Amino acid sequence: MADKKVLTVQDISCVGQCSLTVALPIISACGIETAILPSAVLSTHTGGFTGFTFRDLTEDIPGIVDHWEKENITFDAIYTGYLGSKRQIELVKDMFCRLVSMGGLKIVDPAMADHGQLYYGFDEAFAAEMATLCGVADIVIPNITEAALMTGAPYIGEGYDKAYIEDLIARLVGLGANTVVLTGVSFAADKLGVAVFTKGDAEISYYFHEKLAKGCHGTGDIYSSAFVGALVRGKSTVEAARIAADFTLAGMKATQGDEAHWYGTKFEKALPLLIDALRQ
Ligand code: PXL
C-alpha cells in the first residue's frame, strides 16, 4: 500500500512556533510525508510581536496548484490553518476539488481567533467566509471562540454547560462539516479537553486532561497538526483527538516557568511522547 501524503496550507511565521513551523515537523514525526503550501511569510506571528513583516503569497497559489495538477499530484488529506485573505479561502476550496485523492480528507482548522477575540487583521466578514470553508470540510477543528464567531452563537469564556457545547457542535455540523473536533472545552476549573462528534454518532465524545494555570501560544496549531498526523497514520477520530491533546499538554508543561518563551510552546520536547503514542 502506498504511504500517505498530506498537504498543509498555512503561513510561515519564521519565528514563533506556529503554523508551518509546527505542522511540518509534527506531521512528519507521525511518519507522514508532508507537503506544504505557504499562504504568506511573516517575520513572526502576530500574537504579541509588533512590527512584523507580512508577504502575502496569494498570487503564487494558482500556479502551484496548476503545476501539481499537471503532474497528477494528489494528497490523502489537505489540512488548512491560518489563511491570509478571503481570496485564499476561495483558492483552498478549489484545491479541495482538484488535489484531494479519492476518499481523501479535507481538514480545516479555522485558525483566526482565541479567547473571545479575532487575531490581528481579521474581521467578522473573514469569519463568515471561513464558515463556508468549514461547510465543505470533512473535519473541522475550531476552538470555542472560532466556533461561536462562525455560527453566530454567543461566546462564553467560562462557566458554560454541556448544553452550550452541544449547541455549538450542532451549529458547526449545520454548516456542513461531517466531523467536529472542538478544542478548549472545560466544565471544571482544573480540567481542559476536546469534544468530538461525527454525524450519525449517538453522542459527543469528550476527553479531558489537567488544565494548567497558564496557557501557551500556538497550541491550536500544535493540536491540529498532531490530530492530522495521528488520524492519517490510521488512528480513529476519537483516538487522534486524545493523542493530540496529551501531546499538546506535554509541550505546554515543557514550556511552563520559562517567561522568555511567552511566544510559543516547546512541542519539540514532547515529540517522543507523540511517536510512542502512535506505536500503541
Ligand atoms: O497560531 C495561529 C497563528 C498562525 N499564524 C499567524 C498568527 C497566528 C496566531 O497569532 O499570528 C501569522
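Starting from 1, each residue takes its place in the sequence as its number. Numbering of ligands and ligand atoms starts at 1, following listing order. The structure presented is a predicted model; accordingly, all values stated were derived computationally and were not measured.
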Enclosure of Phe54 CZ (heavy-atom neighbours >12, cutoff 6.0 Å):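 Above 12, so yes.
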Under the side chain to side chain donor-acceptor pair (under 3.5 Å) test, residues paired with Thr248 that sit two or more places apart: none
List the protein residues in contact with ligand 1, where contact means a heavy-atom separation under 4.0 angstrom. Asp11, Ser13, Cys18, Ser19, Leu42, His45, Thr46, Gly47, Tyr82, Tyr119, His217, Asp221
Under 6.0 Å between ring centres: does that hold for Tyr82 and Phe122?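 So the answer is yes for these two rings.
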Residues Lys86, Met130; criterion side-chain contact (heavy atoms from CB on, under 4.5 Å); working and verdict: CA-CA 8 Å; Lys86 287 203 263 178; Met130 189 57 95; over 6 Å; no
Below 30° counts as parallel, above 60° as perpendicular, anything between as tilted: where do the rings of Tyr164 and Tyr160 land?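 Tyr164 vs Tyr160 ring planes: tilted.
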Is the shortest distance from a Lys or Arg side-chain nitrogen in Arg55 or Asp60 to a carboxylate oxygen in the other one below 4.0 Å?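 Asp60 and Arg55: not salt-bridged.
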